[in-house]
Amino acid sequence: MKKVCGLLILCVLGALVSCAADKNAAGWYEDFDEAKKAAKSKHCNILLFVNSDNDAEGTKTAVDGLISSSDFVKRLENEYICVHFDFTNLDSVLSEIPDNLTNKEQKALEAKKKKLLKQFTVADSYMIQETPAIVLTNQDGYYITDVALDYMGFSVNAYLSNIDLEKQNVQEFEKLVEATKKGSKLDKVRAIDRLYESMAENHRLLISDLIKKVPVYDKTNQTGLVGKYIVAAAHSDAYNALISGTPENAYKIYEAAANNAYISPDEAQTLFYLASSVLANTGSNDIDKIIELLEKAINVSPESEYAENLRQVYENVLSAKESMEAMESSNSEETVNDDILNHDEENEESERQAEEEVNQNAEEESNQSEEVLE
């Protein structure tokens, strides 16, 4: 019995330590994925606060007061899970790791760098360009709104007041999301479309899980929206491939989407062009594949308003290929000529060395003869 109790205590302590590790001293989460888990568990939204070395002038005191305030987190705990990304003193973390650190110190610095890079990706997905910034999201991480902030002389109460001003926006967004879960499958598709259209283009990638449900809910394209969301899903998947360091997969995603039966000719043309563009801009040397994708883009909708521009791009790429081939041919000829010249020089050097050896031998024989005569 004592052993069981001991194990239970250890498990509970382990859980408490784990929970504490997800938060800083003031109760802010630092891992966005963990914050989403907590938000889903509590059925509440997420507040993301970001500060950096580039914060607006005169805001440091207010920012420091906010992020060190457990009172702020406590007063919002029924509505939001609070997340904090601290992008100050980046140079000390992102610069090369010094060799004079202990193994433990190096691992700690590497872990901090990994955490920061993960936070950068999240901040980028919410298009955070100026700090300090507060972004409100739902429990799934769908963008709701930014909180407008006036940082001069701000207190915790002032921050809370500005967040309260966004309540109507939050409620309207929650209704749009709730509608995507009700009614028939086609009702859900139309609700997803309303939510999608209500969002700024830069934030639509954040609802990729809903976007991908459209072809599943509407398998015969009764709403006429399936093609639109195959394109949207391709954008989301290609973006994730690019930021995850697998750019070679991004063009394949666009190419596969372009071949989907529910894609219109004009949509397919755009997707084939995007596939060629991604391939060209990620350092690929496969110029033949780029040309193939451009040909497909032109041929799938030859009379579109963009077809003539694509033909010009196609001609430019062909011209570039011819120039590359001519340069390679020229370099190949130069290499052959260099080899011949080097071979001739080597022969001349060999002949010179042989002649020197003959002369040296003759001189030695002459000296020996003179010694004999003497």
Side-chain angles (χ1 to χ4, degrees), residues 19-20 22-89 119-120 122-179 195 198-204 206-207:
C19 287
D22 294 333
K23 302 177 184 179
N24 66 13
W28 297 74
Y29 279 80
E30 295 181 333
D31 185 304
F32 199 74
D33 289 333
E34 292 302 318
K36 285 200 290 186
K37 290 177 186 177
K40 288 177 182 179
S41 175
K42 293 185 67 174
H43 302 290
C44 61
N45 294 322
I46 298 170
L47 181 150
L48 171 62
F49 182 82
V50 182
N51 68 301
S52 74
D53 289 325
N54 297 319
D55 286 350
E57 187 176 351
T59 67
K60 187 178 187 314
T61 301
V63 168
D64 289 347
L66 179 68
I67 61 179
S68 62
S69 173
S70 56
D71 180 50
F72 178 86
V73 176
K74 188 169 182 61
R75 288 167 69 177
L76 286 175
E77 64 183 354
N78 293 326
E79 298 177 72
Y80 294 98
I81 294 295
C82 292
V83 185
H84 174 224
F85 291 170
D86 182 3
F87 294 155
T88 58
N89 301 316
Q119 290 176 341
F120 286 152
V122 174
D124 183 63
S125 70
Y126 290 104
M127 304 301 292
I128 295 174
Q129 297 176 343
E130 295 182 0
T131 57
I134 290 181
V135 174
L136 304 182
T137 87
N138 81 337
Q139 63 187 29
D140 295 302
Y142 303 162
Y143 172 89
I144 300 176
T145 188
D146 290 329
V147 175
L149 297 174
D150 176 5
Y151 297 102
M152 301 308 293
F154 253 48
S155 63
V156 167
N157 286 335
Y159 278 106
L160 291 168
S161 295
N162 275 19
I163 292 165
D164 284 341
L165 292 175
E166 301 297 336
K167 277 190 174 180
Q168 185 174 348
N169 288 330
V170 172
Q171 290 168 357
E172 289 174 358
F173 185 86
E174 287 174 339
K175 287 178 183 177
L176 286 170
V177 173
E178 192 60 29
L195 174 63
S198 74
M199 303 180 76
E201 187 174 344
N202 292 331
H203 295 129
R204 289 171 176 172
L206 295 164
I207 62 166

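Not measured: the values here are computed from a predicted model.
Listed for the N162 side chain is a donor-acceptor partner under 3.5 Å among the backbone atoms of A148. Although no hydrogens or angles enter the test, the distance criterion places no donor-acceptor pair under 3.5 Å between the side chain of Y29 and the main chain of N24. At distances below 3.5 Å, at least one donor-acceptor pair connects side-chain atoms of D53 with backbone N or O atoms of N89. A donor-acceptor pair is defined here as one N or O able to donate and one able to accept, closer than 3.5 Å; no such pair exists between the side chain of Y80 and the backbone of V83. A donor-acceptor pair under 3.5 Å is absent between the side-chain atoms of D140 and the main chain of Y142, judged by distance alone. S161 places a side-chain N or O within 3.5 Å of a backbone atom of N157 that can act as its donor or acceptor partner. The closest donor-acceptor contact from the side chain of K74 to the backbone of G27 lies at 3.5 Å or more, if one exists at all.
Nearest approach of E77 to K42, heavy atoms of both residues: O-NZ, 2.9 Å. C44 and E79 make their closest contact through CB-O, 3.3 Å (heavy atoms, listed as atom of the first residue, atom of the second, distance). When every heavy atom of F85 is checked against every heavy atom of A123, the shortest pair comes out as CE1-N, 4.3 Å. Heavy-atom minimum distance, A26 versus I67: CB-O, 3.5 Å. Between M199 and H203, the shortest heavy-atom contact is CE-O, 3.4 Å. Residues A56 and P132 approach most closely at N-CD, 3.9 Å, considering heavy atoms.
Under the 3.5 Å distance criterion, with hydrogens and angles disregarded, no donor-acceptor pair is assigned to the side chains of D31 and Q119. Between the side chains of D86 and T88, at least one donor N or O lies within less than 3.5 Å of an accepting N or O. Between the side chains of T131 and D55, at least one donor-acceptor pair of N or O atoms lies under 3.5 Å.
Counting heavy atoms from C-beta on, the side chains of V122 and D124 never come closer than 4.5 Å. Put simply, the side chain of L47 reaches to within 4.5 Å of the side chain of W28, judged on heavy atoms. Residues F49 and V63 form a side-chain contact, since some pair of their non-hydrogen atoms from C-beta on lies under 4.5 Å apart. Annotation: side chain of L160 is in contact with side chain of R75 (closest heavy-atom distance under 4.5 Å). Residues H43 and Q139 form a side-chain contact, since some pair of their non-hydrogen atoms from C-beta on lies under 4.5 Å apart. For the pair V50 and V135, the minimum side-chain heavy-atom distance is 4.5 Å or more.
From C82, atom SG reaches atom CG of L66 across 8.5 Å, with rounding to the nearest 0.5 Å. Here the straight-line distance linking atom CG of L176 with atom CD of Q171 works out to 12.5 Å at 0.5 Å rounding. Residue H84 holds its NE2 atom at 9.0 Å from CG of L48, rounded to the nearest 0.5 Å. Taken to the nearest 0.5 Å, the OG atom of S198 stands 7.5 Å off from the CD1 atom of I207.
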>> Run F173 and Y143 through side chain to side chain contact (heavy atoms under 4.5 Å, CB included) and show every step you take.
In response: CA-CA 9 Å; F173 185 86; Y143 172 89; over 6 Å; no

>> ring pair (Phe, Tyr, Trp, His ring centres under 6.0 Å), that's the test. Do F120 and F87 meet it? Break it down for me.
In response: CA-CA 9 Å; F120 286 152; F87 294 155; 4.6 Å; yes

>> Set out, in order, the CA-CA distance, both residues' side-chain angles and the distance that settles side chain to side chain contact (heavy atoms under 4.5 Å, CB included) for L149 and I134, then state yes or no.
In response: CA-CA 8 Å; L149 297 174; I134 290 181; 3.9 Å; yes

>> Before you tell me yes or no, could you show the steps for T137 and F32 under side chain to side chain contact (heavy atoms under 4.5 Å, CB included), namely the whole-Å CA-CA distance, both residues' side-chain angles and the distance that decides it to 0.1 Å?
In response: CA-CA 11 Å; T137 87; F32 199 74; 4.2 Å; yes

> After noting the C-alpha distance and the side-chain angles of N54 and E130, does the key distance pass the side chain to side chain donor-acceptor pair (under 3.5 Å) rule?
Replying inline: CA-CA 8 Å; N54 297 319; E130 295 182 0; over 6 Å; no

> Checking side chain to side chain contact (heavy atoms under 4.5 Å, CB included) for the pair L136/N45: CA distance, chi angles, key distance, verdict?
Replying inline: CA-CA 7 Å; L136 304 182; N45 294 322; over 6 Å; no

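Between K37 and E34, at least one side-chain N (NZ, or NE/NH1/NH2) sits under 4.0 Å from a carboxylate O, which counts as a salt bridge.
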